[in-house]
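Below is one structure, written out as structure tokens; the observations come after it.
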Amino acid sequence: MKTVTINRWVIPALFVALAALFATALTMTSAQAAGSMTVSVKQASLADHAGDCPGSVTGAHFIINQIGAAAPDTIEVLLTDGTSQTVSKSKQSGPTAHYDAFFTGTLVKDATAVVPDTWRGQFVLSNYYCGATTTTSTTSTTSSSSSTTSSSSTTSSSSTTSSSSTTTGTPTRTS
């Protein structure tokens with residue numbers, strides 16, 4: 001029978017190597033994970049919704065369909081003003097993941113998500129969130145009358161009325 005001699009540094013070195021491997025695996029981002037790919041939002045969906053809001057745009061709603069439990073926790077959104085946001089998933093509705101980004105004074109230029117390389121669904125801008133629209137006008141009423149007396153009496157009267165309303169809307173979601 002042979003005797004195997006192990007150097008006293010082999011076991012600690014093995015533990016250090018395993019710990020480093022484990023730490024690397026834990027710090028991998030989903031973009032680095034095997035079997036994943038980065039996809040961009042469907043550009044046609046950006047163009048389709050560019051004129052949705054008559055007033056200001058206050059945010060955007062994105063969906064990734066046919067994704068199920070493999071939906072990413074976040075997406076990256078690039079805005080036309082050059083800023084970007086990491087947006088967390090707002091809800092999961094069956095196989096569809098929903099993401100809501102909030103901003104003002106700009107539109108979406110692009111968005112990306114890391115999904116499994118087997119995914120075959122759609123990543124789209126579903127709609128923009130619209131800010132309040134305000135219409136302001138006044139209501140006024142003017143009346144006047146005059147009377148002249150001579151051999152006969154004449155009375156004239158005029159009245160002018162105009163009205164309008166002030167409406168302040170709340171952010172609405174367009175489809």
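Just so it is clear, the model here is predicted, and its values are computed rather than measured.
Within the 3.5 Å criterion, the main-chain N or O of His61 finds no donor-acceptor partner in the side chain of Asn127.
The nearest pair of heavy atoms linking Ser40 to Thr112 is OG-CG2, 3.7 Å. When all heavy atoms are compared, the tightest approach of Val77 to Ala101 is CG2-CB, 4.5 Å. For the residue pair Ile64 and Ala113, the shortest heavy atom distance occurs at CD1-CB, 3.8 Å. Scanning both residues, Gln92 and Ala97, for their nearest heavy atoms gives OE1-CB, 3.7 Å.
Note: the hydrophobic cluster containing Tyr128 does not contain Ile63 (ILVMFWY, side chain heavy atoms under 4.5 Å, direct or indirect links). Cluster annotation: Val124 is not connected to Val57 through the hydrophobic network of ILVMFWY side chains, with a link wherever side-chain heavy atoms come within less than 4.5 Å. Follow the hydrophobic side-chain contacts under 4.5 Å out from Val39 and you reach Val41 in the same cluster.
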Evaluation steps, side chain to side chain contact (heavy atoms under 4.5 Å, CB included), between Lys42 and Gln122 | CA-CA 7 Å; Lys42 187 176 181 181; Gln122 297 279 323; 3.4 Å; yes
Could you go step by step and tell me if Ser90 and Asp100 meet the side chain to side chain donor-acceptor pair (under 3.5 Å) rule?
-> CA-CA 6 Å; Ser90 58; Asp100 294 303; 2.9 Å; yes
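Using a 4.5 Å heavy-atom threshold, the side chains of Val108 and Asp110 count as separate. Pro116 has its side chain within reach of Ile67: a pair of non-hydrogen atoms, C-beta onward, lies under 4.5 Å apart. Annotation: side chain of Val115 is in contact with side chain of Met37 (closest heavy-atom distance under 4.5 Å).
Interatomic distance, Leu107 CG to Asp52 CG, rounded to the nearest 0.5 Å: 10.0 Å. In this structure, the separation between NE2 on His98 and CG on Asn65 is 9.5 Å, given to the nearest 0.5 Å.
With side-chain heavy atoms closer than 4.5 Å counting as contact, directly or through intermediates, Leu78 stands alone and belongs to no larger hydrophobic cluster.
Within the structure, side-chain hydrogen bond (donor to acceptor under 3.5 Å, both in side chains) pairs that include any residue of residues 68-81 comprise Glu76-Thr86, Thr80-Thr106, Asp81-Thr83 (at least two apart or interchain). Pairs passing the ring pair (Phe, Tyr, Trp, His ring centres under 6.0 Å) check and including a residue from residues 99-126, sequence neighbours excluded, read Phe102-Tyr129.
Environment of NZ in Lys89: crowded, with over 12 heavy atoms of neighbouring residues, nucleotides or ligands closer than 6.0 Å.
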